[in-house]
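Presented below is the structure to which this report refers.
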Amino acid sequence: MKIFTEPQVTIIGKQQVNWVAINTWLMSEYPDGSGSKWMKVDGITDDSTASEVITEFSGRLCYMSFPNPRPGGTASYIQNLKEPRHGSVLEHVSWNLLITNVSRSLTHELIRHRAGWAFSQLSQRYVDESTAEYVEPDIIRNDPELHKLWTIAIASTHDAYLALVDGLTEKIEKDVTKGLIRSNPSSKTELRKLARQAARSVLPNATETKIVGTANARALRHFLELRGSRHAEPEIRKLTNKLHTLLNQESPLIFGDYVKIDLPDGTWELNTKFQKI
Ligand SMILES: Cc1cc2nc3c(=O)[nH]c(=O)nc-3n(C[C@H](O)[C@H](O)[C@H](O)COP(=O)(O)OP(=O)(O)OC[C@H]3O[C@@H](n4cnc5c(N)ncnc54)[C@H](O)[C@@H]3O)c2cc1C
């Protein structure tokens, strides 16, 4: 059994720009070529800033301002979206995130974020948890007595889960033979699902899980603010820190305004002057 203490997050998918479509449309709207001026003046040439390009393009469409580049380029353009909280433009760009080595407590908090998010999480009904890993909070791990208590509790619930799966499988097989189960499981997979879905009731919040989350930039900013704050739970705050580092590399113009503030307890929080745009 592995014990995790560090959440992992990686970007498995992200935005691309369809330059051909953009250029074709701009030339049809502005046959004199003036519609492409913002790209040259703002210095947009590289797909690595796809999220920023699409954000700027969407914002410029609102006012058909393509022929009027801003001094300061895309950086200034996106800053100017944040100041008046023109946040809906940030909903056009998304990232696909793979989040692992996290507890079910963390994902329960994560999935409370509804607007602009999509989730797909490991199923405890279909996936065997006999090899489950667990996530230990730092405050427990750093105290030998509490760590010992926690380890005993986890081992005990893990054993209970294994015993319940065995007992339930036996019972369900008998009940099927006697015709007592109406849904008549047709396959081993279905049988195992019936056993696991009941046995999982004893698995603790500390059970490790995996989740794919897809979110747009506006939803991600809101998440960074709520879950990177000093009031957030430490495990999700660690995830938020890692996520912010990744997003800041991806798109510094969208996420670069967050600062990390040290707290007296040795941890930190994320803060920005552009809250909830
Ligand atoms: C420190 C902390 C402690 C918490 N403690 C608890 C707790 O004890 N119990 C508990 O149940 N939850 C708790 N929560 C969860 C919290 O109440 C929210 O459910 C969660 O943070 C998701 O935030 P949200 O609804 O703003 O975000 P999202 O769902 O990401 O929504 C973003 C924004 O969209 C708007 N929005 C989304 N859905 C709607 C809607 N249906 N109607 C109108 N506007 C909408 C809101 O402006 C919202 O802020 C806690 C959260 C934090 C950060």
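Both ligands and their constituent atoms are indexed starting at 1 by order of listing. Count residues from 1 along the sequence.
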(request) Identify the protein heavy atom lying closest to atom 41 (N) of ligand 1, giving its residue, its atom name and the separation to 0.1 Å. (result) R114 NH1, 3.7 Å
(request) Considering only non-hydrogen protein atoms, determine which one is nearest to atom 11 (O) of ligand 1 and report residue, atom name and distance to 0.1 Å. (result) R112 NH1, 2.9 Å
(request) For ligand 1, note which part of E109 has a heavy atom under 4.0 Å away: side chain, backbone, both or neither. (result) neither
(message) Does the protein come close to atom 20 (C) of ligand 1 - that is, does one of its heavy atoms sit below 4.0 Å from that atom?
(response) yes
(message) Looking at K82 and D257, is there a salt bridge between them, counting it only when a charged N and a carboxylate O are closer than 4.0 Å?
(response) yes
(message) Between E129 and R196, does any NZ, NE, NH1 or NH2 come within less than 4.0 Å of an OD or OE carboxylate oxygen?
(response) no
(request) Using a strict 4.0 Å cut-off to heavy atoms of H113, name the atoms of ligand 1 that fall inside it. (result) 21 (O), 22 (C), 23 (O), 27 (O), 28 (P), 29 (O), 30 (O)
(request) Starting from atom 34 (O) of ligand 1, locate the nearest protein heavy atom and write down its residue, its atom name and how far away it is, to 0.1 Å. (result) A115 CB, 3.9 Å
(request) Determine the sole option in F255, Y258, W268, F223 for which the ring-ring contact (aromatic ring centres under 6.0 Å, His included) test with H244 is passed. (result) Y258
(message) Could you identify the single nearest non-hydrogen protein atom to atom 23 (O) of ligand 1 and state the distance to 0.1 Å?
(response) L226 CD1, 3.6 Å
(request) For K171, look at atom NZ and say whether over 12 heavy atoms of other residues, nucleotides or ligands are found less than 6.0 Å away. (result) no
(request) In plain terms, say whether R237 and E269 are close enough for a salt bridge, that is, a side-chain N and a carboxylate O under 4.0 Å apart. (result) no
(request) Run the salt-bridge test on E190 and K193 with the 4.0 Å N-O cut-off and return the result as yes or no. (result) yes
(request) Quick one: look at E233 and ligand 1, take heavy-atom pairs under 4.0 Å, and tell me if it's side chain, backbone, both or neither. (result) neither
(request) Would you mind checking which non-hydrogen protein atom is closest to atom 46 (C) of ligand 1, with the distance to 0.1 Å? (result) K276 NZ, 3.7 Å
(request) Tell me whether the centres of the aromatic rings in H92 and F57 are closer together than 6.0 Å. (result) no
(request) Classify the side-chain pair E136/W150 by whether it contains a donor and acceptor separated by less than 3.5 Å. (result) no
(request) For R227, take its heavy atoms, then give the atoms of ligand 1 lying under 4.0 Å from any of them. (result) 15 (C), 20 (C), 21 (O), 51 (C), 52 (C), 53 (C)
(message) Does the protein place a non-hydrogen atom closer than 4.0 angstrom to atom 31 (O) of ligand 1?
(response) yes
(request) Can you confirm whether something in the protein, heavy atoms only, sits under 4.0 Å from atom 8 (O) of ligand 1? (result) no
(message) Any salt bridge linking K276 with E225? Criterion: basic side-chain nitrogen under 4.0 Å from a carboxylate oxygen.
(response) no
(message) Considering H108, R230, R237, H231 one by one, which has a heavy atom nearer to atom 1 (C) of ligand 1 than any of the others?
(response) H231
(request) Would you mind running through ligand 1 and noting each atom that sits below 4.0 Å from a heavy atom of H222? (result) 24 (P), 26 (O), 27 (O), 30 (O), 32 (C), 49 (O)
(message) Is there a path of hydrophobic side-chain contacts, each under 4.5 Å between heavy atoms, that joins V9 and L106?
(response) yes
(message) Can you confirm whether some protein heavy atom lies under 4.0 Å from atom 37 (C) of ligand 1, or whether none does?
(response) yes
(request) Verify the contact flag for atom 52 (C) of ligand 1, where contact means a protein heavy atom under 4.0 Å away. (result) yes
(message) When you measure from atom 5 (N) of ligand 1 to the protein, is at least one non-hydrogen atom found at a distance under 4.0 Å?
(response) no
(message) If hydrophobic clusters are built from ILVMFWY residues whose side chains come within less than 4.5 Å, do V212 and L246 share one?
(response) no
